[in-house]
Amino acid sequence: MKEELIKFTLDAIERAKKAGEIPSVINIEPLIEHPNDKTHGDWATNAAMVLASQTKMSPRKIADSIVKHIDDKHHFLSKVEVAGPGFINFYLSDKWFREVLKEIKRKGKEFGHFNIGHGETVQIEFVSANPVGPMHIGHGRWAAVGDALANLMTAAGYIVTREFYVNDYGNQMKIFGQSVAARYAELLDRDVIFPENGYQGEYIKEIAQEILKEERDKYLLLSEDERGECFKEIAYRQVLAHIKKVLLDMGIEFDGWFSETTLHDSGAIEDVVSELRERGYIYNKDGAVWLRTTAFEDDKDRVLIRESGEPTYFAADIAYHKNKLNRGFDKLINIWGADHHGYVQRVEAAIQALGYPKEKLEIIIGQLVNLWRGGEPVRMSKRTGEMVTLEELLQEVGPDAARYFFLMRSTDTPLDFDIELAKCQSSDNPVYYVQYAHARICSILKFAEEKGFSLPNIEDVNLDLLCEESELDLLRKLMELEEVIEICASRMTPYRLTKYAEEIASSFHVFYTKCRVITESVELNKARLVLVDCVRQVLCNVLNLLGISAPEKM
RNA sequence: GCGCCUGUAGCUCAAUUGGAUAGAGCGUUGGACUACGGAUCCAAAGGUUGCAGGUUCGACUCCUGUCAGGCGCACCA
């Protein structure tokens with residue numbers, strides 16, 4: 001529709017130029033959008049104002065001239081007017097609104113899907129929690145956002161791969177193993193010094209207990225170092241399995257789990273360092289190997305290989321990105337917490353040093369999550385290991401509410417997550433509001449069925465009977481889905497879809513209070529049954545994209 | 001000190017990337033059901049968009065400065 005209107009406008013401008021009403025040298029790309037206020041029409045364009053600033057003519061006069069030359073052969077429009085400083089407002093005919101129902105029926109689950117991705121391949125890397133402990137609330141946000149974004153981009157015609165980068169290498173893993181080993185020895189009443197910077201959480205003790213139960217005291221025979229190594233492996237596998245399970249509880253499945261260790265073992269890091277050296281971005285200083293990231297707007301150069309000969313985390317990360325690029329993805333998306341934003345520039349620099357354009361990689365920085373319980377902040381401390389884990393949160397509020405709350409806000413703003421609100425089964429809670437609309441429709445359809453009105457075939461229905469204000473508002477809203485998905489996918493902002501979900505639900509509830517579906521009139525019943533069934537389909541599609549269930553009963 | 005993000009209604013957030021009278025939910029106040037799920041709907045009150053300049057037909061949006069909050073500034077991961 002938007003394209004049609006742009007064409008209308010451009011054609012009209014051409015004709016106005018031929019008629020000598022507008023200077024012919026000017027070319028513009030008019031912007032067509034929905035006005036904020038629906039009394040300003042269904043669509044509006046600023047074309048006349050843009051032309052005005054270029055020609056120094058009055059915008060109203062240009063607008064009048066354009067409107068005069070608009071040729072609406074197929075009667076899409078019920079009215080075109082010039083308003084305000086020179087906007088041209090288009091009013092669609094009701095008939096056109098009703099067409100959307102046929103499209104929903106035709107496309108079903110695919111309604112709202114379209115193709116701007118043209119089969120481009122995209123890899124989204126998200127969550128990537130360190131496998132040394134349970135996931136926290138922030139990981140939940142990235143999980144929900146990453147998965148919804150993947151759904152949205154798939155709907156927009158991209159081929160999407162979800163990946164989890166497993167940081168299973170390095171010092172933290174070593175300390176992790178030592179922490180478990182120390183707790184294990186403690187359980188056997190051995191005198192041990194708990195490692196400095198060791199992991200404090202209760203879960204370390206639980207893992208140690210688990211090992212003790214399975215294997216008794218046989219690890220006491222090993223030296224402390226060997227024990228650490230050994231426990232690192234066992235504990236890491238347990239934690240990773242647990243991470244997978246919790247994500248699955250949230251309904252999230254990754255296509256790939258990429259191990260950092262494989263980069264160290266395969267020589268990928270050395271390879272990428274020598275490639276960078278050949279490209280001239282490497283130098284040696286103070287016994288270490290440095291990457292000249294300042295060549296690409298980083299504030300300082302970064303170490304790749306330490307004085308000790310050990311590669312840094314950054315070096316491994318470059319090798320990881322190189323690996324992703326080698327796999328041939330057209331676009332890479334990383335979702336990181338705000339606590340990693342200082343890391344963005346150097347990774348972008350590395351991508352460019354490898355000869356790729358910066359645009360190849362998109363890094364979404366998400367602000368952190370604050371947990372509230374009934375208006376009181378929930379204090380958490382990583383140091384003492386005192387925190388609410390993602391698993392606990394899911395158990396308390398359920399995956400639907402959790403995912404909805406995580407998605408509700410722009411990732412640019414910190415998220416206040418109120419546990420009490422998320423649990424609350426009332427209209428205060430948007431997730432219930434939306435799901436309720438879906439359940440209500442299912443209930444109506446069932447009621448109709450019982451009364452002998454089964455869902456009719458849309459060809460047998462007189463859609464012109466849908467002419468109440470609330471019905472037309474609902475149709476108008478249904479029509480917006482494709483645009484919303486486009487915006488969400490292209491700007492990578494899934495939160496907008498939650499707003500749309502609430503708008504659809506709201507339009508439906510208004511319709512429900514104004515119009516009865518099952519009335520005396522058989523013909524009207526048919527039309528309204530088709531309408532509500534289409535609303536059900538759209539709600540279902542939206543909830544699927546968000547990764548939230550669409551219940552038939554609540 | 002430097003960098004990134006954020007300051008919008010009492011609270012939590014929007015505003016289609018520069019458009020028309022800045023909108024929703026919660027909260028407050030007042031209303032609406034003999035029928036399809038009241039987990040609903042309607043209405044009112046509530047604003048100098050942190051502050052000060054600038055850019056232009058037009059600014060919450062862009063620029064400069066300033067104040068406040070969050071997060072970063074490793075040969076940690």
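All values below were derived from every heavy atom in this structure, side-chain atoms included, with hydrogens, water molecules and symmetry-related copies excluded. We name chains A, B, ... by the order of the sequence lines, and we start the count at 1 in each one.
When the P atom is used for both B:A24 and B:A15, the distance is 14 Å, rounded to whole Å. Between the C1' atoms of B:C4 and B:U56, the separation comes to 30 Å (whole Å). Distance noted for atom P between B:A20 and B:U66: 31 Å (whole Å). B:A77 and B:A39 are spaced 46 Å apart, taking the C1' atom of each and rounding to whole Å.
Between B:A77, B:A14, B:G38, one nucleotide has an atom nearer to the side chain of A:Gln172 than all others, and that is B:A77.
Residue A:Arg440 places at least one side-chain N or O under 4.0 Å from the OP1 or OP2 atom of B:G38. Residue A:Tyr512 has a polar side-chain atom (N or O) positioned under 4.0 Å from OP1 or OP2 of B:G38. Using a 4.0 Å cut-off, no side-chain N or O of A:Ser506 falls inside it from OP1 or OP2 of B:G25. Between B:G37 and A:Ser443, a contact under 4.0 Å exists linking OP1 or OP2 to a side-chain N or O. For A:Tyr432 and B:U40, the shortest distance from a side-chain N or O to OP1 or OP2 is not below 4.0 Å. Checking the phosphate oxygens (OP1, OP2) of B:C41, a side-chain nitrogen or oxygen of A:Tyr433 falls inside 4.0 Å.
The base of B:A77 is not paired with the side chain of A:Asp339 by any donor and acceptor separated by under 3.5 Å. With hydrogens and angles ignored, a donor-acceptor pair under 3.5 angstrom links the side chain of A:Arg491 to the base of B:U17. The base of B:G3 sits within donor-acceptor range of the side chain of A:His341, with an N or O pair under 3.5 Å.
Nucleic acid contact for A:Cys515: base, since at least one base atom lies under 4.0 Å from a heavy atom of the residue. Here A:Ser308 lies out of heavy-atom contact (under 4.0 Å) with every strand. Heavy atoms of A:Lys514 sit nowhere under 4.0 angstrom from any nucleic acid atom. When heavy atoms are screened at a 4.0 angstrom cut-off, A:Ala288 is found touching base atoms of the nucleic acid. Heavy atoms of A:Asp286 sit under 4.0 angstrom from at least one base atom. Using a 4.0 Å heavy-atom distance criterion, A:Glu307 is classed as a base contact. The residue A:Met49 sits close to a base: some heavy atom pair falls under 4.0 Å. Residue contacts shown for A:Phe447 are limited to sugar-phosphate atoms, with no base heavy atom under 4.0 Å away. Contacts of A:Ile518 with the nucleic acid, taken as non-hydrogen atoms under 4.0 Å apart, include base atoms.
Base orientation at B:U21 is anti, since its O4'-C1' glycosidic dihedral falls outside 90° of 0.
Look at CG on A:Asn46: it is 11 Å from C1' on B:G58, rounded to the nearest Å. With rounding to whole Å, A:Asn370 atom CG is found 16 Å from B:U6 atom P. For the pair A:Phe296 CZ and B:G3 P, the computed distance is 22 Å after rounding to whole Å. Here B:G7 presents its P atom at 9 Å from CG of A:Asp412, a figure rounded to the nearest Å. Note: NZ (A:Lys477) to P (B:A24) measures 11 Å, nearest angstrom. B:C36 atom C1' lies 15 Å from atom CG of A:Leu455, rounded to whole Å. Atom-to-atom, NE2 of A:His509 to C1' of B:C33 comes out at 16 Å; the value is rounded to the nearest Å. Here B:G72 presents its P atom at 7 Å from CG of A:Leu368, a figure rounded to the nearest Å.
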Dot-bracket line, read 5' to 3' along RNA chain B, where crossing pairs take [ ] and | marks a partner on another strand, Watson-Crick or G-U under 3.5 Å:
(((((((..((((.....[...)))).(((((.......))))).....(((((..]....))))))))))))....
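Using a 3.5 Å distance cut-off with no hydrogens or angles, the side chains of A:Trp290 and A:Asp301 do not pair a donor with an acceptor. Defined by atom type and a distance below 3.5 Å, a donor-acceptor pair is missing between the side-chain atoms of A:Ser443 and A:Arg440. Side chains of A:Ser259 and A:Asp168: a donor-acceptor N/O pair is present below 3.5 angstrom, by distance only. With 3.5 Å as the limit, one finds a donor-acceptor pair spanning the side chains of A:Tyr91 and A:Glu81. Residues A:His34 and A:Glu483 have side chains that bring a donor and an acceptor to within less than 3.5 angstrom of each other.
Under a 3.5 Å cut-off, the side chain of A:Arg141 and the backbone N or O of A:Gln367 do form a donor-acceptor pair.
Under a 4.0 Å N-O distance rule, the pair A:Glu125/A:Lys324 qualifies as a salt bridge. Using a 4.0 Å cut-off between a side-chain N of Lys or Arg and a carboxylate O of Asp or Glu, A:Glu449 and A:Lys446 do not qualify as a salt bridge.
One distance of note links OG1 of A:Thr293 with CG of A:Asp299; it measures 8.0 Å at 0.5 Å rounding.
Only one option out of A:Trp336, A:Tyr320, A:Trp142 pairs with A:Tyr165 in a ring-ring contact (aromatic ring centres under 6.0 Å, His included); it is A:Tyr320.
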